[in-house]
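Step one of this worksheet: look at the structure below.
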Amino acid sequence: MSIRAKSILTITGLTVAICTTQAGVYSGPSDIAHAIDPAVHYTSTKLAGWAETVADYSPTDEVSASYATPDKALGYYNTGTVSLGDLSSDKIATGVTPGSITLGFGAGFSNGDGWDFAVFENGFTSGNNLFMELAYVEVSTNGVDFARFDSISTNTSSAAGSGAFSYYDTTNVYNLAGKSAGGYGTTFDLNDLLDHQLVIDGIVDLDAINYVRLVDIPGDGSYLDSEGNPIIDNYHTSGSGGLDLRAIGYAYAVPEPRHYAMLAGALALVLAWLRRRTR
């Protein structure tokens, strides 16, 4: 499902199309009731599990050692963080790769109703605006081929503050990790990837997602959203610069093989009972 297809609301029986580049369409930092991209609190009962392993951690060299322990992002949400690191303008100009982290999910998670997983950062608010450090989000079944979510970011300036300590309007941001306040996760719906070529080709199985990768976005506008808009966030940050990850939780676990066997056995019993009744 594309971003444009998803940005259609039904209100009192009327279908209303919303322009995806219109300001104020998406959720606020802690809006758990939003129709398009609700945030989720870390205590939500919909969260069924959490990341279990670190498959890769490749921060930039600007991360302080105290923020460079990737295991802090594993398991249930906590206040420990691991940072991806920012990039100076010189490093951006010379093509230095942004920081990234890839977490594994054991038996994996699957596509279900509504959002399927959530990324928890440590952003703090000023009114309805957020100190934002954003990242692209990608998922994989095999740990090699990753499908990236299309994203939108239409902020052209900060809403409050200045420089690296500004606050941005999250209602202009969609499908980028880091747009939710601390304690709340930015949610992602795997249905958004149904028309991704890797999904169409069967390389990424939306019912067997085993890895999530976050790729930091240095927020000087050099990096773009899926519609070609420059992405701006708090820049240039240092020490704990870049996205500060606390946890990744998912909603729908992949059923274990024995569960399939049990279901098959139950179905066989039902069919046998129906045959006896027919006779």
Exercise. For Ala107 and Val254, work out which heavy atoms get closest and say how close.
Key: O-CB, 3.6 Å

Self-check item: Side chain to side chain, Leu243 and Glu121, heavy atoms closer than 4.5 Å
Solution: yes

Quiz item: Tell me, do Val54 and Asp71 make a side-chain contact under 4.5 Å, heavy atoms counted?
Solution: yes

Quiz item: Going through the distances and angles, do Tyr211 and Phe105 end up as a side chain to side chain contact (heavy atoms under 4.5 Å, CB included)?
Solution: CA-CA 6 Å; Tyr211 302 92; Phe105 292 83; 5.6 Å; no

Quiz item: Is there a side-chain contact between Tyr167 and Asn128, using heavy atoms and a 4.5 Å cut-off?
Solution: no

Self-check item: Same cluster (ILVMFWY, side-chain, under 4.5 Å), Val215 and Ile231
Solution: yes

Self-check item: Chi angles and distances behind the side chain to side chain contact (heavy atoms under 4.5 Å, CB included) call for Leu190, Ile209
Solution: CA-CA 9 Å; Leu190 291 172; Ile209 298 300; 3.9 Å; yes

Exercise. Supply the atom-to-atom distance Ile203 CD1 to Leu198 CG, rounded to the nearest 0.5 angstrom.
Key: 5.0 Å

Quiz prompt | Aromatic ring pairing Tyr42/Tyr76, orientation class (parallel under 30°, perpendicular over 60°, tilted between) | solution = perpendicular

Quiz item: Hey, quick one: are Tyr184 and Leu47 part of the same hydrophobic cluster, counting side-chain heavy atoms closer than 4.5 Å, chains of contacts allowed?
Solution: no

Practice problem: Applying ring-ring contact (aromatic ring centres under 6.0 Å, His included), run through Phe188 and Phe149 and close with a yes or a no. | Solution: CA-CA 9 Å; Phe188 294 84; Phe149 282 84; 5.3 Å; yes

Quiz prompt | Note, Ile152 side chain near Asn175 side chain (heavy atom, < 4.5 Å) | solution = no

Quiz item: Under the side chain to side chain contact (heavy atoms under 4.5 Å, CB included) criterion, do Tyr252 and Asp116 qualify, and how do the steps go?
Solution: CA-CA 7 Å; Tyr252 305 102; Asp116 301 296; 3.4 Å; yes

Quiz item: Which pair of non-hydrogen atoms, one from Ala68 and one from Pro70, has the smallest distance, and what is that distance?
Solution: O-CD, 3.3 Å

Quiz item: Any side-chain heavy atom of Ser240 within less than 4.5 Å of one from Ser83?
Solution: yes

Practice problem: Drop me the distance from Tyr77's OH to Thr43's OG1, to the nearest 0.5 angstrom. | Solution: 10.5 Å

Quiz item: Looking only at heavy atoms, what is the nearest atom pair of Gly219 and Asp233, with distance?
Solution: CA-OD1, 2.9 Å

Practice problem: Please work out whether the ring planes of Phe165 and Phe131 are parallel, tilted or perpendicular, with thresholds of 30° and 60°. | Solution: tilted

Mind listing the side-chain donor-acceptor pairs of residues 92-103 below 3.5 Å, one per line with the distance, residues two or more places apart or on another chain?
from  : atom 1 : to    : atom 2 : distance (Å)
Thr94 : OG1    : Asp90 : O      : 3.0
Thr94 : OG1    : Lys91 : O      : 3.2

Exercise. Please name the pair of heavy atoms, one in Glu133 and one in Thr237, separated by the smallest distance, quoted to 0.1 Å.
Key: OE2-OG1, 3.2 Å

Quiz item: Looking at side-chain heavy atoms only, is the closest gap between Pro38 and Thr187 below 4.5 Å?
Solution: yes

Which pairs would a plain distance check flag for residues 136-143, meaning a side-chain donor or acceptor within less than 3.5 Å of a matching protein atom at least two apart in sequence or in another chain?
from   : atom 1 : to     : atom 2 : distance (Å)
Tyr136 : OH     : Leu224 : N      : 3.4
Tyr136 : OH     : Leu224 : O      : 2.7
Glu138 : OE1    : Arg213 : NE     : 2.6
Glu138 : OE1    : Arg213 : NH2    : 2.8
Glu138 : OE2    : Arg148 : NE     : 2.8
Glu138 : OE2    : Arg148 : NH2    : 2.7
Ser140 : OG     : Asn142 : N      : 3.3
Ser140 : OG     : Asn142 : OD1    : 3.2
Ser140 : OG     : Gly143 : N      : 2.8
Ser140 : OG     : Asp145 : O      : 2.8
Thr141 : OG1    : Asp205 : N      : 2.8
Thr141 : OG1    : Asp205 : O      : 3.3
Thr141 : OG1    : Ala208 : O      : 2.9
Asn142 : OD1    : Val144 : N      : 2.8
Asn142 : OD1    : Asp145 : N      : 2.8
Asn142 : ND2    : Asp145 : OD2    : 2.8

Quiz item: So, the side chain of Asp225 versus the backbone of Ser153: is there a donor-acceptor pair under 3.5 Å, distance only?
Solution: yes

Exercise. Inspect the surroundings of CG in Asp113 and state if more than 12 heavy atoms from other residues, nucleotides or ligands are less than 6.0 Å away.
Key: no

Exercise. Say whether, by atom type as modelled, one donor and one acceptor occur between the side chain of Tyr235 and the main chain of Leu87 under 3.5 angstrom.
Key: yes

Quiz prompt | Test item: Asn234 side-chain N/O and Met132 main-chain N/O as donor-acceptor pair under 3.5 Å | solution = yes

Exercise. May I ask you to decide if Asp192's main-chain N or O and Asp189's side chain share a donor-acceptor pair within less than 3.5 Å?
Key: no

Quiz item: With a 4.5 Å limit on heavy-atom distance, are the side chains of Val173 and Tyr26 in contact?
Solution: no

Exercise. Please examine the side chains of Ser151 and Glu227, heavy atoms only from C-beta on, and report whether any two atoms are closer than 4.5 Å.
Key: no

Quiz item: Any chain of hydrophobic side-chain contacts (each under 4.5 Å) joining Val199 to Phe146?
Solution: no

Exercise. Kindly check if the number of other-residue, nucleotide or ligand heavy atoms within 6.0 Å of OH (Tyr67) is above 12?
Key: no

Exercise. Could you tell me which non-hydrogen atom of Ser110 sits nearest to which non-hydrogen atom of Ala253, and how far apart they are?
Key: OG-O, 3.8 Å

Quiz item: So how far is it from Leu206 CG to Phe109 CZ, rounded to the nearest 0.5 Å?
Solution: 9.5 Å

Self-check item: Summary of salt bridge (Lys or Arg N to Asp or Glu O under 4.0 Å) pairs that have at least one residue in residues 39-51, sequence neighbours excluded
Solution: none

Quiz prompt | Pairwise distance CG(Asp244) to OG1(Thr81) - rounded to 0.5 angstrom | solution = 5.0 Å

Practice problem: Starting at OG1 of Thr170, measure out to CG of Leu176 and round the result to the nearest 0.5 Å. | Solution: 11.5 Å

Exercise. Examine distances only and state if a side-chain atom of Glu62 and a backbone atom of Ser88 form a donor-acceptor pair shorter than 3.5 Å.
Key: yes

Exercise. In sequence, state the C-alpha distance, the side-chain angles, and the governing distance for Val119 and Leu214, and then conclude on side chain to side chain contact (heavy atoms under 4.5 Å, CB included).
Key: CA-CA 9 Å; Val119 179; Leu214 308 178; 3.8 Å; yes

Exercise. List the steps, then state whether side chain to side chain donor-acceptor pair (under 3.5 Å) holds for Ser27 with Lys179.
Key: CA-CA 9 Å; Ser27 64; Lys179 64 159 285 181; 3.1 Å; yes

Quiz prompt | Worked check of side chain to side chain donor-acceptor pair (under 3.5 Å) between Asn172 and Asn155 | solution = CA-CA 6 Å; Asn172 297 331; Asn155 283 316; 2.7 Å; yes

Quiz item: Shortest non-hydrogen contact from Ala251 to Ala48?
Solution: O-CB, 3.3 Å

Quiz item: CG/Asp216 to CG/Leu134 distance, rounded to the nearest 0.5 angstrom?
Solution: 8.5 Å

Exercise. Taking His236 for its side chain and Asp220 for its backbone only, find out whether a donor-acceptor pair lies under 3.5 Å.
Key: no

Quiz item: Does Tyr168 offer a backbone N or O that forms a donor-acceptor pair with the side chain of Ser158 under 3.5 Å?
Solution: no

Quiz prompt | Partner of Trp50 under ring pair (Phe, Tyr, Trp, His ring centres under 6.0 Å), chosen from Tyr250, Phe120, Phe117 | solution = Phe120

